[in-house]
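One structure is given below, encoded as structure tokens.
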12 protein chains.
Amino acid sequence: MAKKSRKLRVIVLHGPNLNFLGKRDQAVYGSKTLDSINKSIEEHAAALGIEVATYQSNSEGSLVDFIQAEASGSGAIVINPGALTHYGLSLRDALQDTGLPVIEVHLSNIYAREQWRATSVIAPIARGQISGLGWRGYVAALDILAAD
Amino acid sequence: MAKKSRKLRVIVLHGPNLNFLGKRDQAVYGSKTLDSINKSIEEHAAALGIEVATYQSNSEGSLVDFIQAEASGSGAIVINPGALTHYGLSLRDALQDTGLPVIEVHLSNIYAREQWRATSVIAPIARGQISGLGWRGYVAALDILAAD
Amino acid sequence: MAKKSRKLRVIVLHGPNLNFLGKRDQAVYGSKTLDSINKSIEEHAAALGIEVATYQSNSEGSLVDFIQAEASGSGAIVINPGALTHYGLSLRDALQDTGLPVIEVHLSNIYAREQWRATSVIAPIARGQISGLGWRGYVAALDILAAD
Amino acid sequence: MAKKSRKLRVIVLHGPNLNFLGKRDQAVYGSKTLDSINKSIEEHAAALGIEVATYQSNSEGSLVDFIQAEASGSGAIVINPGALTHYGLSLRDALQDTGLPVIEVHLSNIYAREQWRATSVIAPIARGQISGLGWRGYVAALDILAAD
Amino acid sequence: MAKKSRKLRVIVLHGPNLNFLGKRDQAVYGSKTLDSINKSIEEHAAALGIEVATYQSNSEGSLVDFIQAEASGSGAIVINPGALTHYGLSLRDALQDTGLPVIEVHLSNIYAREQWRATSVIAPIARGQISGLGWRGYVAALDILAAD
Amino acid sequence: MAKKSRKLRVIVLHGPNLNFLGKRDQAVYGSKTLDSINKSIEEHAAALGIEVATYQSNSEGSLVDFIQAEASGSGAIVINPGALTHYGLSLRDALQDTGLPVIEVHLSNIYAREQWRATSVIAPIARGQISGLGWRGYVAALDILAAD
Amino acid sequence: MAKKSRKLRVIVLHGPNLNFLGKRDQAVYGSKTLDSINKSIEEHAAALGIEVATYQSNSEGSLVDFIQAEASGSGAIVINPGALTHYGLSLRDALQDTGLPVIEVHLSNIYAREQWRATSVIAPIARGQISGLGWRGYVAALDILAAD
Amino acid sequence: MAKKSRKLRVIVLHGPNLNFLGKRDQAVYGSKTLDSINKSIEEHAAALGIEVATYQSNSEGSLVDFIQAEASGSGAIVINPGALTHYGLSLRDALQDTGLPVIEVHLSNIYAREQWRATSVIAPIARGQISGLGWRGYVAALDILAAD
Amino acid sequence: MAKKSRKLRVIVLHGPNLNFLGKRDQAVYGSKTLDSINKSIEEHAAALGIEVATYQSNSEGSLVDFIQAEASGSGAIVINPGALTHYGLSLRDALQDTGLPVIEVHLSNIYAREQWRATSVIAPIARGQISGLGWRGYVAALDILAAD
Amino acid sequence: MAKKSRKLRVIVLHGPNLNFLGKRDQAVYGSKTLDSINKSIEEHAAALGIEVATYQSNSEGSLVDFIQAEASGSGAIVINPGALTHYGLSLRDALQDTGLPVIEVHLSNIYAREQWRATSVIAPIARGQISGLGWRGYVAALDILAAD
Amino acid sequence: MAKKSRKLRVIVLHGPNLNFLGKRDQAVYGSKTLDSINKSIEEHAAALGIEVATYQSNSEGSLVDFIQAEASGSGAIVINPGALTHYGLSLRDALQDTGLPVIEVHLSNIYAREQWRATSVIAPIARGQISGLGWRGYVAALDILAAD
Amino acid sequence: MAKKSRKLRVIVLHGPNLNFLGKRDQAVYGSKTLDSINKSIEEHAAALGIEVATYQSNSEGSLVDFIQAEASGSGAIVINPGALTHYGLSLRDALQDTGLPVIEVHLSNIYAREQWRATSVIAPIARGQISGLGWRGYVAALDILAAD
């Protein structure tokens with residue numbers, strides 16, 4: 001369980017290819033760029049009194065490095081693991097090792113696409129998952145964390 | 001896609017055993033009763049200018065009957081199918097037949113419990129899914145629908 | 001095997017969501033309503049000298065109740081189990097317990113849709129199955145029964 | 001574990017098609033009717049100083065409703081779930097939610113019939129299971145409960 | 001979809017071992033010989049104003065040859081693929097390449113026999129399937145095609 | 001079916017590690033030793049007018065030897081196969097070869113433990129199975145046999 | 001069961017690629033050509049007073065044709081189905097339709113090669129199978145048939 | 001490959017329950033007792049100039065002990081492993097460790113019975129297998145070994 | 001490995017339904033007819049100094065016959081097995097028996113279509129495979145063979 | 001579909017361990033080093049009037065970074081994903097996001113090695129695949145792209 | 001957890017066929033005999049101040065008997081279960097019932113041989129496993145136990 | 001096999017998240033930090049006259065880079081792949097390409113945790129594996145290598 005710090009600090013992670021939002025198939029992922037989504041997250045967080053640290057990488061190792069470096073000063077993690085959702089077991093271990101509550105977010109409904117996208121190796125160690133609700137899924141995740 | 005009515009009307013459905021909330025294992029499902037959750041939903045809906053019609057049944061057939069009766073005047077469906085999540089194919093057909101956007105909500109993280117709870121027959125025809133975030137999952141679903 | 005009564009009486013059952021025919025996806029299920037199909041069945045039955053008793057329910061329990069109540073005076077059962085085709089084991093037991101010949105009918109070709117629709121738990125205890133030939137499948141079933 | 005009430009009250013449930021006992025294949029299910037079995041249960045219970053409440057339904061929802069209504073005044077549940085044994089996950093949740101000890105009874109040996117009958121979704125949350133010993137299985141279940 | 005020719009011409013194909021009807025196990029396949037069935041088909045077709053071209057072969061390659069040669073002048077195909085039902089992927093491709101509507105017919109109920117008979121590689125590209133209704137299944141197929 | 005001898009003689013077999021009862025995990029297997037259980041069985045059998053021959057071995061071969069030696073003078077077998085339940089196919093053949101009715105007993109509920117314990121190779125050739133009801137399961141088995 | 005004719009006539013069939021014996025990998029299939037094997041079979045048959053009719057084809061359809069043409073005058077079939085062992089379901093049906101006893105022979109041990117060679121679709125309808133004993137397997141099959 | 005000794009000595013092993021031949025289901029296993037089969041084997045071996053050492057045990061461990069003790073003076077092994085065919089991996093290792101050619105014999109056709117009997121853990125290390133040809137299968141095995 | 005003949009001779013085989021190229025779905029298979037493709041192959045081969053022998057058949061047996069007849073004078077095989085790719089084990093054995101290098105060619109990308117098309121029984125014995133690159137795949141195969 | 005630029009620019013990617021070519025098992029991968037292969041690719045491209053950009057990395061993240069950086073100015077991608085072929089779902093997404101035609105190349109025949117190498121997660125989104133034809137597979141890929 | 005006795009006593013068990021070490025395939029198992037290995041174990045144990053009790057049997061039942069007899073005076077178990085590794089569930093239960101720490105040792109690397117050797121039913125209840133390091137694996141196990 | 005250099009040099013690799021030892025769940029992984037473990041390894045290596053090169057990375061690509069750079073001067077590799085154990089196929093190829101003996105070490109018993117941890121993609125190409133014996137597993141690996 002997250003220790004509620006004076007001001008809650010939330011790590012917001014974006015996995016591989018999410019830096020391509022806006023260029024990827026917009027029928028699936030929506031038209032907002034990652035910068036635009038991060039800006040919406042930051043504005044909403046500010047309104048909730050939450051501090052956010054956003055990070056994107058195409059490399060599983062870099063995501064693990066970031067989690068290890070930032071976990072100790074943070075109270076929760078919101079993560080869209082991209083395709084690592086389905087095989088990133090090192091990422092899973094890193095998230096679990098922090099002991100922080102993790103909310104997994106997917107822009108698209110991973111249960112209505114290819115069969116292999118319907119299995120998340122992250123979900124079993126997450127507190128919860130929001131799938132298919134677009135960029136507002138991140139906002140909803142912050143709302144939940146703020147309400148704890 | 002839901003036709004946005006003058007005032008959005010959302011069907012909120014609770015499947016089998018959810019009327020036992022408060023009596024069911026609170027470590028899994030939380031301590032709020034279904035009445036209390038419905039009240040929170042209604043208050044939040046009112047604040048968003050959304051009309052809600054809540055319904056609970058332990059019978060799949062009754063849920064299908066309700067969906068068929070109420071769909072034409074509504075713009076979206078929020079549903080926690082309870083254990084029907086995993087085998088309620090008639091419920092799935094009924095939801096899909098309405099043509100309305102469906103958001104699937106689970107109080108507990110269905111991916112962190114028994115293996116059979118990790119497969120939803122509803123999710124492939126839903127717009128999205130929120131799992132493991134407790135009663136606030138319903139509220140988040142309304143927020144998304146209101147933002148459309 | 002059906003005892004050939006003076007005048008053959010056939011139970012015609014429609015499972016969940018079939019009362020929505022005409023509203024469901026017409027590319028899959030055709031444009032006729034259930035009332036219209038039942039009328040065609042009754043007219044064809046009359047021409048064949050067969051008495052029919054039609055019934056639709058969204059509830060598996062109600063279908064089982066109807067079968068138990070009506071079986072003793074009837075000589076055969078024609079059933080479109082809807083989505084119960086794939087998991088309605090109680091319905092299967094009820095049909096088998098009557099000892100009557102059962103013909104399973106599907107409006108759409110269940111072998112050309114989602115994978116889960118390709119397995120029928122009813123078929124192993126049926127005399128035969130007609131799939132994908134629209135409402136005329138019911139008529140064909142009556143023709144077969146009349147020819148016994 | 002069941003709290004031993006002054007006088008133990010046991011819910012005895014019969015699932016779909018068990019009201020057809022005596023008409024169903026007697027080589028499999030025996031020749032006694034459900035009324036006859038219930039009478040044997042009641043007589044044996046009386047001899048043991050146990051109160052029983054018997055109920056049969058072809059509808060999973062009704063069984064769940066009954067369990068929810070009767071659980072609080074009872075100390076144990078004996079259930080023959082019929083075909084719901086194999087897919088009635090709502091029934092499973094309802095039984096588990098009561099916190100009462102559950103003994104699952106099958107008239108026939110479910111492990112010596114069709115493959116799908118060999119898996120019970122109820123058994124993992126039951127205290128025990130008696131299969132293949134006919135109506136005396138219910139009596140044995142009462143003996144066990146009385147001896148607690 | 002079949003172009004309705006002036007007079008509908010239907011290819012009726014019988015796969016391996018169907019020339020042995022009358023000698024094969026009659027409890028499974030009925031007592032009529034293939035000649036007798038073809039005669040019934042032709043008489044029924046004549047009554048419906050349909051022209052039929054019947055063909056039987058024990059060789060998948062010959063069936064494909066026949067389909068390729070006869071497809072262009074025909075409006076539909078009725079086929080009982082015999083054991084090729086379960087592995088005849090070349091036959092499947094040939095049928096699909098014609099662009100004609102295909103109705104698959106089985107004398108016996110393939111879902112009530114050995115497990116491997118319950119999967120048809122033809123069904124996913126067929127318009128529909130009739131199984132277990134004996135030689136009248138061919139007649140029913142013609143009725144459906146005549147009604148288009 | 002067992003030939004009812006003048007006085008019914010029942011073989012009661014205990015498989016590997018059951019001689020360690022009382023030392024094995026008591027939360028799973030109960031606190032009674034095998035000697036104590038056998039004594040309870042013998043007393044109950046005497047009250048029912050049944051003769052019992054009890055035997056325990058850690059070796060599948062010895063159990064088979066015992067069954068072969070004792071079957072001809074006996075009318076039924078009650079067996080707790082221990083871990084052989086899950087792979088003892090030689091034991092299964094030996095039991096089946098006797099032609100005697102077999103009741104399989106498990107102290108713990110084998111359906112609520114490790115996945116591999118949920119499959120019994122003995123059950124398909126048994127008359128019935130009692131699982132999870134502790135040492136009283138043996139007593140219940142004798143009651144059933146006495147009532148034949 | 002084969003009707004023992006005055007003089008037993010046995011069909012000996014060789015499936016695809018067996019005409020290449022002597023050219024195929026000799027470490028697997030031995031060094032004898034098919035002609036040489038057939039000669040050994042005929043000599044042994046003559047010594048046993050058995051008439052044999054040998055046939056080889058690379059085409060499943062031709063093998064089926066031959067079986068249908070020759071079955072009525074014969075008392076048994078010995079067959080090495082070659083690769084059709086693993087998918088020749090039409091061949092299986094043809095063999096079964098004859099009602100004759102079938103002995104399946106393989107030169108190599110099909111259980112010690114590629115995984116897919118370890119499953120025979122012919123074996124379930126055969127009287128027996130001899131695998132891995134080279135060309136003497138045919139001789140052994142004749143010995144068994146002669147001893148009936 | 002077996003070193004051909006002056007006079008070939010063959011170990012003939014019978015696994016669990018084969019000492020019950022004559023008492024086991026004769027429709028499956030034939031009517032000859034094991035003693036009678038062994039006598040036929042010995043007579044045939046004598047005619048072929050082969051020495052045989054026969055052994056039966058219900059215990060896998062004893063079979064392994066016997067193989068280890070007798071292998072060095074022998075040139076081949078004929079074994080009917082009984083139910084150990086399907087799980088006796090220690091027996092497999094023991095047979096393989098001898099380096100002798102092994103012929104596996106089954107009285108009944110293991111591919112036409114329960115599904116689990118269709119997989120032999122012995123076959124992959126055997127030279128060949130004879131299944132379903134009754135006691136003459138042993139004789140055929142000796143013929144093959146004598147012909148080496 | 002192919003023995004490089006004075007002038008390399010390559011067998012080019014086309015399996016079932018490839019004679020329908022130009023009529024089959026052109027979005028999948030392209031618009032060139034088989035004659036046109038063969039002409040392109042022959043022209044390219046001539047330019048490379050390679051002799052080609054092309055052959056098409058809808059029958060697996062005929063393809064095997066052709067391979068057996070032509071292999072001895074040839075140095076390599078290029079084959080598009082059509083649907084036999086997925087079940088033609090006799091074809092596989094025939095190809096392997098030649099000892100020649102085999103290059104498997106598919107016009108369409110078999111890994112981006114129905115699931116069953118993604119498994120080739122030919123590939124494990126081929127030297128290589130070219131899939132999804134249209135008729136130029138044949139040309140590329142010749143280039144590779146010429147470069148050996 | 002690739003927009004044909006004035007001069008086609010093709011990204012040629014080499015995944016993990018391909019920089020070790022020449023040191024890796026030469027029987028599997030050939031004796032050319034990666035530098036040598038790249039030189040052959042560049043020479044052949046120059047002859048075809050194609051510009052190539054080659055890149056190798058042992059890190060999936062770096063490959064994704066490179067693809068994202070280089071895609072916009074390029075017309076096609078040729079990739080040998082190394083072991084990422086079998087689990088590199090992030091790489092797959094990156095390739096698919098570019099919208100460029102992708103040709104997958106493997107030096108060895110991935111269908112004739114360990115079972116896990118026979119499944120490519122890249123192939124379903126590729127235009128085609130060339131496997132087992134050594135370094136000339138890259139050259140063939142360029143030929144195909146040049147011919148578009 | 002093992003209670004550290006004054007002087008640690010360790011049971012060292014060798015399963016089926018390990019008495020054949022030195023005769024078994026030395027490329028797999030090494031050239032040392034079991035006596036030689038036991039001597040090395042004893043010398044190393046003596047140096048560590050550990051008492052060892054070694055035992056080998058080809059019979060699972062005897063191994064269980066030994067464990068039950070010797071467990072109470074011992075502090076740990078080192079076991080090479082031989083082929084019982086893969087199906088010896090009685091042995092597993094016996095080991096687990098002792099409550100002692102168990103270290104599983106394999107001479108060969110069980111993950112680099114036949115597929116069925118890669119699953120150990122013992123490992124889930126062991127403290128650890130050493131595989132593929134030859135007889136020194138036993139020595140390493142003692143070192144670990146001595147260091148507790 | 002490792003060429004024994006004048007002084008053996010061993011690469012010791014630690015995969016993702018192992019730099020978090022001491023912070024990760026100590027009940028699973030123990031309380032020592034990675035620095036402390038490395039120090040123990042180095043001291044033990046020094047005592048054995050072995051040189052060690054330790055390296056940790058959260059990135060699979062970096063581990064591959066390190067292996068490629070360091071392999072040529074080393075004689076063996078000891079690796080704890082962390083979660084890459086279960087999907088790091090690039091790491092596997094890199095290890096195998098070195099031709100050095102590899103010993104795989106796991107702090108925890110990977111066979112007694114989540115199901116997915118029980119499969120190692122590294123083990124089939126390793127010389128051996130040590131699992132569940134804590135940091136002393138590294139020491140044992142060095143002992144084995146020193147004894148070669």
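As the structure is a prediction and not an experimental result, all values here were calculated from the model. Letters A, B, ... are given to chains in the order of the sequence lines, protein chains preceding strands, and every chain is numbered from 1.
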Item to check | Shortest non-hydrogen contact from J/P124 toward I/A112 | outcome: O-CB, 3.5 Å
Next on the checklist: Just verifying a value: how many Å separate I/N109 CG and J/R127 CZ, rounded to the nearest 0.5 Å?
Outcome noted: 10.5 Å
Checklist entry - Which atoms form the tightest heavy-atom contact between I/I144 and J/R136, and what is the distance? => result CD1-CB, 3.3 Å
Checklist entry - Non-hydrogen atoms of chain J under 4.5 Å away: do they reach the side chain of I/I110, the backbone, both or neither? => result neither
Item to check | chain I contact via J/I103 - side chain, backbone, both or neither, heavy atoms under 4.5 Å | outcome: side chain
